[in-house]
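Written out below as structure tokens is the structure these notes cover.
Values reported hereafter were calculated over all heavy atoms of this structure, with side chains retained and with hydrogens, waters and symmetry mates removed. Predicted, not measured: the structure shown is a model, and the values here were computed from it. Convention: sequence-line order gives letters A, B, ...; per-chain numbering from 1.
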There are 2 protein chains.
Amino acid sequence: MPVVKSSREEAVDAIMREFRMSGYDGASLSRLSAATGLGKSSLYHYFPNGKEDMAKAAGERAAALVVEAVIEPLAAEGALKTRLQKATAGLSKFYHGGKTSCLVDLFTIGEANDAAPGLAKSMVDALLRALASVAEEAGHSKKEAKLVAEQAVIELEGSLVVSRAMGSTRPFQRMLSRLPGLILKTSK
Amino acid sequence: MPVVKSSREEAVDAIMREFRMSGYDGASLSRLSAATGLGKSSLYHYFPNGKEDMAKAAGERAAALVVEAVIEPLAAEGALKTRLQKATAGLSKFYHGGKTSCLVDLFTIGEANDAAPGLAKSMVDALLRALASVAEEAGHSKKEAKLVAEQAVIELEGSLVVSRAMGSTRPFQRMLSRLPGLILKTSK
DNA sequence: TCCAATATACCAATCGTTCGGTACAATGGA
DNA sequence: TCCATTGTACCGAACGATTGGTATATTGGA
């Protein structure tokens, strides 16, 4: 098991960071080059199809991080409440307390749609499935569970947008504190 | 009262549409030129500071439309429930049933921050104030009203993101049907 | 005649991309 | 063991196209 990250893995991390800061259209090759410390031409060594490949790699990396920080804790052993706490902590970490945007948002704007179609959809689908399964376990019907999961993702994405617009992480933090209740409560 | 829109007003509408489709970075001058049917020279005649001015004009236009479709109905005479219905209808119209994005989201990404700082914040602030005032009228305390308003904006923005990502307007529609209850209900 | 509005032509800068090439490590047959 | 070969990792320079923006000329209605 390699302790040292490969150069490519480091690059993907940096690229993901840049995309989450500037969006797809805003993340120019120059910026991506500066962010990775790799020359523009070197980027094409790791990502033969250029920006498109970089977006895909960034999306896959982000998805993997969400699985690790949120979905796996939810699927683990233990009390529901504890798992939900771990998942919200994971969300806070992944979104840096609300300071970093979500690629689901950024990759559904402008040219990103043509460059990497379906990428955002698959990301949100995975999250929806994981949340719905937990909501079902918490006592919701299959139908209710789906709605609860959707509501959770809506609040997640929305709180990130509002936090960004207001220049404050409070909306995101408040959303995190609401999340466990949203999924656990059975009363309508 | 002019029935015919001035050439500039028509241009602003088209520009707003283009920004809402492509985001700030994605809306190039060529696209804006094509969308308005105006040559670059004409665009710079109406918007001397170029893209930046266009973004401001689009933001102001969007804000005015939201005032007209949502905020004024909320502040009008009549039963609260009726006003909320009109406001949700206004939201549905402004966002084309969930098919069109929100500039609050798009203008907080990439270069837009530098070009038009504070634009998104002022937009979301106006909406928050209007919603909070209605929530207060519905029986919430000042503090609760603020939180309820924030929650409403979060769900609005979030449902637009999720709808975009899923390629379905259902999440937005469901959010609209939740909205009145969110603001009206006094029980915790 | 005036001036808002549009056209034509152009600019430097940057875009995403490709080219030709270097440095170095690993491989493998003689 | 030698060394030719191959693969990996990277780079600077340049590509054509497009970016946002400007300067100057022309048009046309009041």
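- The cationic atom of B:Arg164 (NZ for Lys, CZ for Arg) does not lie both less than 6.0 Å from the six-membered ring centre of B:Tyr95 and within 45° of the ring axis.
- By the 6.0 Å contact criterion, CZ on A:Arg31 is open, its count of non-hydrogen atoms from other residues, nucleotides or ligands being 12 or less.
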N/O-N/O pairs, protein side and nucleotides 25-30 of chain D side, under 3.5 Å:
none

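- For the pair B:Lys40 NZ and C:dA12 C1', the computed distance is 12 Å after rounding to whole Å.
- Distance alone, capped at 3.5 Å, places no donor-acceptor pair between the A:Thr169 side chain and the A:Phe172 backbone.
- The backbone N or O of B:Arg129 lies less than 3.5 Å from no partner atom in the side chain of B:Ser133, so there is not a single donor-acceptor pair.
- Under the 4.5 Å side-chain criterion, counting only non-hydrogen atoms from C-beta, A:Tyr44 is in contact with A:Leu29.
- Of the possible polar contacts, none joining the B:Ser22 side chain to the B:Phe19 backbone as a donor-acceptor pair under 3.5 Å is found.
- Atom CG of A:Leu43 and atom P of C:dC19 are 17 Å apart (whole Å).
- When all heavy atoms are compared, the tightest approach of A:Ala58 to A:Leu103 is O-CD1, 3.9 Å.
- B:Tyr46 comes within contact range of the sugar-phosphate backbone alone, with a heavy-atom separation under 4.0 Å but no base atom that close.
- A:Asn49 has its CG atom 9 Å from the P atom of C:dT17, to the nearest Å.
- Spacing between atom NZ of B:Lys51 and atom P of D:dG21 amounts to 8 Å, rounded to whole angstrom units.
- Classification of A:Arg83 and A:Glu137 as a salt-bridged pair holds, one side-chain N sitting under 4.0 Å from a carboxylate O.
- Distance, B:His45 NE2 to D:dG20 P: 21 Å, rounded to whole Å.
- The stretch residues 111-119 of chain B does not touch DNA chain D, since none of its heavy atoms comes less than 4.0 Å from the strand.
- Here D:dA14 presents its P atom at 19 Å from OH of A:Tyr44, a figure rounded to the nearest Å.
- One finds a salt bridge joining A:Glu52 and A:Lys56 here, because a Lys/Arg side-chain nitrogen approaches an Asp/Glu carboxylate oxygen to under 4.0 Å.
- Geometric assessment of A:Arg20 against the ring of A:Phe94 yields a positive cation-pi assignment under the 6.0 Å and 45° thresholds.
- To the nearest 0.5 Å, the span separating CG on B:Asp114 from CD on B:Glu111 amounts to 6.5 Å.
- Positionally, the nearest nucleotide of DNA chain C for B:Ser42 lies more toward the 5' end than for the other of B:Ser42 and A:Pro48.
- Near-neighbour residues of DNA chain D inside residues 24-39 of chain B, defined by a heavy atom below 4.0 Å, number-ordered: B:Ala27, B:Ser28, B:Leu29, B:Ser30.
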